[in-house]
> 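Provided herewith is a single structure, encoded as structure tokens, for subsequent inquiry.
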Amino acid sequence: GGGSQAVIAGTVNTQAIAIEVLDSGGSSSRPLVVNDSTVSVATDLSVTGSAQVTQNLRRTITTVTPSSGVSTIDLTANDNFVVNLTNESSSLVMTIASENVGQSGVIILKNPSSVGSFSMAALPSNMLTPAGASVNFTTSANDTSIISYVVISSTQALVNYVGDFS
């Protein structure tokens, strides 16, 4: 429907199958490629039913670079993030979209090696902590902390902070 058609091309000698999608203008993309035992998906993948993973699920970590001390965690970019904090007053901002509901992951906070001017602001109101407690961020040089989260609505994530990994 919608003027699109799918062309399935298979090559027996290389054991590869590619699904090419043509839009109404004739432009094509290859969102799904099966080659030997590897499946590559170049777009979002929706699964109806369950998905079974018999080995590890490899995840990537997106690096967030602070701008004037503000580190924006955009949940549409990934599930897991690392923030290399800078020696200044620092804060986190979490951007949540409706498509993020049910998403979970971690935010790794790495303190700077020099902490003379380093401090952390309170979490934003869309990051809810147990009992509404304020987070007592560790501010020692080179410390690593994590914030785990699960998104419960398009406006809220439940979070838990664990600090001072060494």
> Report yes if some heavy atom in the side chain of Leu158 is under 4.5 Å from a heavy atom in the side chain of Ile152; otherwise report no.
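When only atoms from C-beta onward are counted, Ile152 and Leu158 do touch, with a gap below 4.5 Å.
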
> Any sub-3.5 Å donor-acceptor pair from Asn80's side-chain atoms to Val106's backbone N or O?
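Checking the backbone N and O of Val106 against the side chain of Asn80, a donor-acceptor pair under 3.5 Å is found.
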
> To the nearest 0.5 Å, tell me how far Leu92 CG sits from Ile147 CD1.
5.0 Å

> Within the 4.5 Å heavy-atom criterion, are Ile107 and Leu109 side-chain neighbours or not?
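Yes, their side chains come closer than 4.5 Å.
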
> According to a 4.5 Å side-chain heavy-atom criterion applied to Ile, Leu, Val, Met, Phe, Trp and Tyr, with indirect links allowed, do Val115 and Val135 form part of one hydrophobic cluster?
yes

> Which heavy-atom pair separates Val64 from Ile73 by the least distance, and what is that distance?
CG2-CD1, 3.8 Å

> Consider only side-chain heavy atoms of I, L, V, M, F, W and Y, link residues closer than 4.5 Å, and tell whether Ile108 and Phe137 are in one cluster.
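No: no chain of side-chain contacts under 4.5 Å links Ile108 to Phe137.
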
> Find the distance between OH (Tyr149) and CD1 (Ile96) and round it off to the nearest 0.5 Å.
9.0 Å

> Please report the shortest heavy-atom distance between Ala141 and Ser113, naming the atom on each side.
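Scanning both residues, the minimum pair turns out to be CB-O, 3.3 Å.
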
> Looking at Ser91, Ser89, Ser90, which one forms a side chain to side chain contact (heavy atoms under 4.5 Å, CB included) with Ser119?
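By the side chain to side chain contact (heavy atoms under 4.5 Å, CB included) criterion, Ser119 pairs with just one of Ser91, Ser89, Ser90: Ser89.
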
> Any side-chain heavy-atom pair from Val93 and Val70 closer than 4.5 angstrom?
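In contact.
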
> Do Met94 and Leu75 make a side-chain contact, defined as non-hydrogen atoms from C-beta onward lying under 4.5 Å apart?
yes

> Any heavy-atom pair between the side chains of Gln103 and Asp79 that's under 4.5 Å?
yes

> Cluster question for you: counting only ILVMFWY and a side-chain heavy-atom cut-off of under 4.5 Å, with indirect links fine, are Ile146 and Met127 together?
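No; tracing contacts between hydrophobic side chains, which count when under 4.5 Å, never links both residues.
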
> Does Asn160 reach the side chain of Thr129, with side-chain heavy atoms less than 4.5 Å apart?
no

> Please confirm whether the backbone N or O of Gly69 pairs with a side-chain atom of Glu88, one donor and one acceptor, at under 3.5 Å?
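Confirmed, Glu88 side chain pairs with Gly69 backbone.
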
> Give a yes-or-no answer on whether the side chains of Asp74 and Thr76 include a donor-acceptor pair shorter than 3.5 Å.
yes

> Are Val82 and Lys110 packed together at the side-chain level, in the sense that at least one heavy-atom pair is separated by less than 4.5 angstrom?
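Val82 vs Lys110: side chains touch.
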
> Just how far is it from atom CG of Asn87 to atom CG of Leu85, taken to the nearest 0.5 Å?
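Answer rounded to 0.5 Å: 10.5 Å.
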
> Under the side chain to side chain donor-acceptor pair (under 3.5 Å) rule, what pairs show up with a residue in residues 136-147, not counting sequence neighbours?
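Passing the test, one end in residues 136-147: Thr138-Asp143, Ser145-Tyr161.
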
> Would you kindly confirm whether Phe81 and Phe165 end up in one hydrophobic cluster when ILVMFWY residues are joined by side chain heavy atoms under 4.5 Å apart?
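No: no chain of side-chain contacts under 4.5 Å links Phe81 to Phe165.
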
> Answer whether the closest heavy-atom distance between the side chains of Leu123 and Val159 falls below 4.5 Å.
yes

